[in-house]
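Single-structure report; data block below.
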Amino acid sequence: MPERPLDPSERECEVFCAYLIDGRPTEYVQRKYALGHGAIPFRRGANHTRFDERLVALARRGPWFTRIADAYARFFRPTSPLRQKLVLLVAILENAPPSHTYLNSAEASGPLAAAIRALVSGTGFVLALLVGMVLLGPWQLAASSEPAATGPGGSDHG
Amino acid sequence: MARIVVVGSGATGVHFALSTLRKGHEVTMLDVGHERGPAVLPDAGIDALKTRLEDPVSYFLGDQCEQVVYPGSGKYYGFPPSKSYVFRHPEAFSSRSSGFEPVFSFARGGLAEAWTGGVYPLNDHELTDFPFGYEDLKPFYAEIARRIGISANRDDLARFSAFDAGYQDPLHLDPHSAALLERYGSRRSRLNQRLGFYLGGSRLATLSRDLGDRKACSHLGRCLWGCPTNSLYSPSVTLRECLAQPKFRYLPGWFVHHFDYGADGRIGRILTESVRDGSPQELEAEVFVLAAGTLCSSKILLESVYRKTGKIRQLTGLMDNRQVMMPFLNLGLIGHPVATESYQFHQLALGIEQPEPGDYVHGQITTLKAAAAHPILQSIPLDLRTAITLFRGVHAALGVANVWLPDRRRSENYLTLRAMASGSRGELVINYSNDGGDRQLVASVIRTLKRAFRELGCVVPPGMTKVLPKGASIHYAGTVPMLADGGELTCAPDGRCRGFPNLYLVDGSGFPFLPAKNLTFTLMANAIRIAEGIQD
């Protein structure tokens with residue numbers, strides 16, 4: 001049977017999972033992620049802008065775009081809908097099998113291996129942040145005064 | 001034998017009730033009494049629980065993931081849904097506060113249903129302002145230790161807290177706590193002499209061997225979500241003991257708002273309303289006991305005076321320990337495996353000497369095992385993917401020290417009422433405006449801790465130490481203090497409220513000073529000390 005096409009929420013969850021843990025979400029995680037948007041703060045009309053929506057739209061394009069958007073948002077839009085969505089997904093993944101074993105356990109291969117892994121990942125972060133600052137910084141400046149187009153709910157696939 | 005009404009089923013209420021029941025008195029306990037749900041898969045460890053539950057996310061985060069801690073929420077952790085019963089309020093209760101972030105509980109068992117089990121007796125220095133000393137409390141500490149079961153080790157902290165209450169053997173230390181204690185052993189004299197810093201095992205109301213129908217801790221790693229084997233003591237354990245007594249009546253579902261008293265101050269009846277439908281009920285008795293916690297007991301007292309006299313009074317001297325929360329990274333444990341299925345709460349305690357012995361600063365060290373990772377990950381100044389990689393490398397090396405400072409009664413910190421529409425109940429008003437200039441002590445404690453952690457091979461990440469607002473430590477006390485010689489709305493040494501000959505306050509409201517040590521052990525011991533004084 002051919003696979004059914006993913007709806008926008010499922011697609012978003014797939015991309016974000018690939019970004020966070022290099023894995024695919026189970027159907028259970030997909031369902032919980034969609035349900036979790038019922039209580040996510042930005043849906044309650046928190047102050048967010050059109051730029052925040054664009055950040056989410058960019059992040060949905062693929063794991064590399066998610067990383068750029070997330071690295072940028074961590075410093076320049078730390079409470080944005082994108083960060084909230086990613087934190088929601090991390091919280092779900094750490095409590096849902098089988099991803100919980102990855103997030104609850106430690107990389108127990110000694111301090112040197114841990115340092116090398118952190119260095120490699122940290123380099124990726126610095127690159128993502130630099131790209132984000134170059135591409136997204138001006139965009140944020142230009143768009144920050146515009147209100148969100150979709151009202152309090154915002155860009156809320158999921 | 002007296003007919004006694006006790007308000008509240010928390011740590012003080014249940015021990016007071018059990019002691020008076022054993023003396024033959026007749027006890028009725030009034031309580032809102034939100035109840036804990038049944039234990040889920042009580043034999044499963046934390047990892048197995050996530051695999052075996054049909055819907056683990058609802059168990060850990062709530063049906064709509066409402067317990068997720070989001071960026072910007074100002075929260076450091078979220079209480080899991082299994083603990084939400086502890087913090088639910090009845091509609092009949094309202095409060096407002098300034099300079100204070102209060103936490104209330106209307107649960108069966110009170111706030112100690114969500115405690116972390118630290119139990120330390122006070123010493124004579126800390127009891128200076130109390131109308132009794134350590135020797136007076138000693139037999140009651142021992143009785144509480146027999147009832148609840150305390151695991152402890154005689155170590156360096158015995159110089160601050162006597163070790164003579166009859167304790168069980170200590171719990172097995174998790175690898176990180178054991179490593180810290182070992183390192184302390186090799187640096188002891190420097191830490192003691194240069195910094196006045198002492199480290200030892202936590203004294204815990206958690207069983208290392210079976211006690212009655214409670215089982216010894218089996219290290220399932222589920223402490224944070226509610227111990228499924230009752231190894232960690234909670235007051236609902238003692239409430240069950242009370243329920244087995246023929247002269248005990250437990251009435252949950254009733255919110256007490258005031259009592260009615262005569263011209264001589266003698267209370268005749270207590271007035272309550274049903275939490276379910278608001279219907280009123282009155283109860284008569286010979287002795288009335290407020291054990292609803294400092295804030296709620298004080299509110300009942302204020303409301304009663306207001307109803308009788310039309311006057312809104314202030315109860316001054318509200319106290320709460322200033323709390324400092326300092327995360328740290330143990331460099332020696334980077335890249336080590338993490339023991340998720342182990343005791344989750346603090347296993348180490350620390351003490352910092354002060355020039356005045358009563359000002360002793362006390363703390364507890366919790367190493368990170370199975371606690372939720374998402375609140376930590378979002379606070380790391382990296383993208384989440386990198387934060388996860390880093391976190392997995394250092395998970396076994398992370399811990400947090402929670403340190404408390406003593407507090408003193410000051411007239412600017414008080415409770416009062418705000419009158420609502422005529423005939424309805426008042427709103428509790430909490431004002432905390434004077435911290436006694438504790439900034440200097442806070443800064444000094446932070447400096448000492450950082451130096452001590454360096455000696456222990458740990459680093460404190462910059463910018464992550466938090467000084468929590470007043471109210472956060474949930475150690476409330478001082479509004480109706482026990483004084484040898486006090487005025488109205490203070491308590492006599494026997495716990496009786498001056499001006500009300502048949503009213504006793506047995507919770508923290510009667511404390512004239514708030515030492516840094518966790519106060520629940522002393523609250524329980526003092527409650528049974530007062531119970532011993534109740535006459536027929």
Side-chain angles (χ1 to χ4, degrees), chain A residues 19-22 28-29 32-33 35-42 46 63 66-68 70-75 78-80 83-84 86-98 100-115 117-118 120-122 124-125 128-129, chain B residues 46-47 49-73 78 80 221 331-340 368-375 377-398:
Chain A
Y19 159 63
L20 290 168
I21 59 167
D22 284 330
Y28 174 70
V29 167
K32 296 313 267 189
Y33 182 66
L35 202 64
H37 277 68
I40 202 164
F42 80 83
T66 315
R67 190 167 199 187
I68 291 166
D70 183 27
Y72 183 83
R74 174 63 186 84
F75 291 97
T79 61
S80 61
R83 287 288 292 181
Q84 291 179 18
L86 289 169
V87 167
L88 169 65
L89 188 53
V90 171
I92 292 168
L93 289 170
E94 71 170 319
N95 289 302
H100 75 288
T101 51
Y102 178 75
L103 283 157
N104 296 161
S105 67
E107 192 70 64
S109 46
L112 186 65
R117 249 188 300 274
V120 171
S121 194
F125 158 70
L129 181 61
Chain B
I46 182 73
D47 296 327
L49 192 64
K50 290 182 180 179
T51 312
R52 285 171 57 190
L53 280 175
E54 201 176 308
D55 186 1
V57 170
S58 286
Y59 178 79
F60 287 99
L61 298 174
D63 289 337
Q64 285 216 316
C65 302
E66 63 273 11
Q67 299 300 333
V68 172
V69 177
Y70 285 102
S73 67
L331 298 173
L333 289 177
I334 291 174
H336 279 237
V338 67
T340 49
L368 187 72
K369 282 139 317 197
H374 73 273
L377 292 168
Q378 66 187 269
S379 69
I380 299 173
L382 297 166
D383 67 76
L384 280 167
R385 183 187 168 90
T386 310
I388 290 169
T389 305
L390 187 73
F391 178 74
R392 294 188 73 237
V394 302
H395 189 160
L398 292 172

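Numbers restart at 1 for each chain; the letters A, B, ... are given by sequence-line order, proteins then strands.
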Next item on the list: Begin with the C-alpha distance, continue with both residues' side-chain angles, and end with the deciding distance and a verdict on side chain to side chain contact (heavy atoms under 4.5 Å, CB included) for R74(A) and D383(B).
Entry: CA-CA 6 Å; R74(A) 174 63 186 84; D383(B) 67 76; 5.7 Å; no
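- Between chain B and the options V90(A), V29(A), T66(A), the largest number of non-hydrogen pairs under 4.5 Å is found for V90(A).
- By the ring pair (Phe, Tyr, Trp, His ring centres under 6.0 Å) test, H395(B) pairs with F391(B), sequence neighbours left out.
- The choice from A397(B), G393(B), A339(B) that makes the most heavy-atom pairs within less than 4.5 Å of chain A is G393(B).
- No hydrogens or angles considered: nothing links the side chains of T101(A) and K50(B) as a donor-acceptor pair under 3.5 Å.
- The nearest pair of heavy atoms linking Y70(B) to A39(A) is CE1-O, 4.3 Å.
- In this structure, the portions of Y102(A) lying under 4.5 Å from any heavy atom of chain B include both its backbone and its side chain.
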**Message:** For L384(B) and R83(A): C-alpha separation, side-chain torsions, deciding distance, then whether side chain to side chain contact (heavy atoms under 4.5 Å, CB included) applies.
**Reply:** CA-CA 9 Å; L384(B) 280 167; R83(A) 287 288 292 181; 3.6 Å; yes
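- Checked against R385(B) for a side-chain contact (heavy atoms from CB on, under 4.5 Å), the options I21(A), D22(A), L86(A) give a single hit: D22(A).
- Using a 4.5 Å heavy-atom threshold, the side chains of S58(B) and K32(A) count as touching.
- With rounding to the nearest 0.5 Å, the separation of NE2 in H374(B) from CG in L103(A) is 11.5 Å.
- Neither the backbone nor the side chain of A370(B) comes within contact range of chain A; no heavy atom of the residue lies under 4.5 Å from a heavy atom of that chain.
- Taking Y28(A) as the reference, D55(B) meet the side chain to side chain donor-acceptor pair (under 3.5 Å) condition, with sequence neighbours excluded.
- Nearest heavy atoms, T79(A) versus P71(B): CG2-O, 3.6 Å.
- By number of non-hydrogen pairs under 4.5 angstrom with chain A, the leading residue of V69(B), I46(B), V338(B), L382(B) is L382(B).
- Smallest separation of non-hydrogen atoms from N95(A) and P56(B): O-CB, 3.3 Å.
- I40(A) touches chain B through backbone and side chain together, each having a heavy atom under 4.5 Å away.
- Contact annotation for T386(B): both backbone and side-chain heavy atoms come within less than 4.5 Å of a heavy atom of chain A.
- If you measure heavy-atom distances from T51(B) to chain A, the contacts under 4.5 Å come from both the backbone and the side chain.
- At a 4.5 Å heavy-atom cutoff, the contact between A71(A) and chain B is made by backbone and side-chain atoms alike.
- Within the model, atoms CD1 of I388(B) and CG of L93(A) stand 7.5 Å from one another, a figure rounded to the nearest 0.5 Å.
- Heavy atoms of S105(A) lying under 4.5 Å from chain B belong to its backbone as well as its side chain.
- Only the backbone of P78(A) comes within contact range of chain B, judged by heavy atoms closer than 4.5 Å.
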Next item on the list: Using the side chain to side chain contact (heavy atoms under 4.5 Å, CB included) rule, take L390(B) and S121(A) through it: C-alpha gap first, then chi angles, then the decisive distance, then the call.
Entry: CA-CA 8 Å; L390(B) 187 73; S121(A) 194; over 6 Å; no
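- Contact count against chain B (heavy-atom pairs under 4.5 Å) is highest for A91(A) among A118(A), A114(A), A73(A), A91(A).
- Neither the backbone nor the side chain of L49(B) comes within less than 4.5 Å of any heavy atom in chain A.
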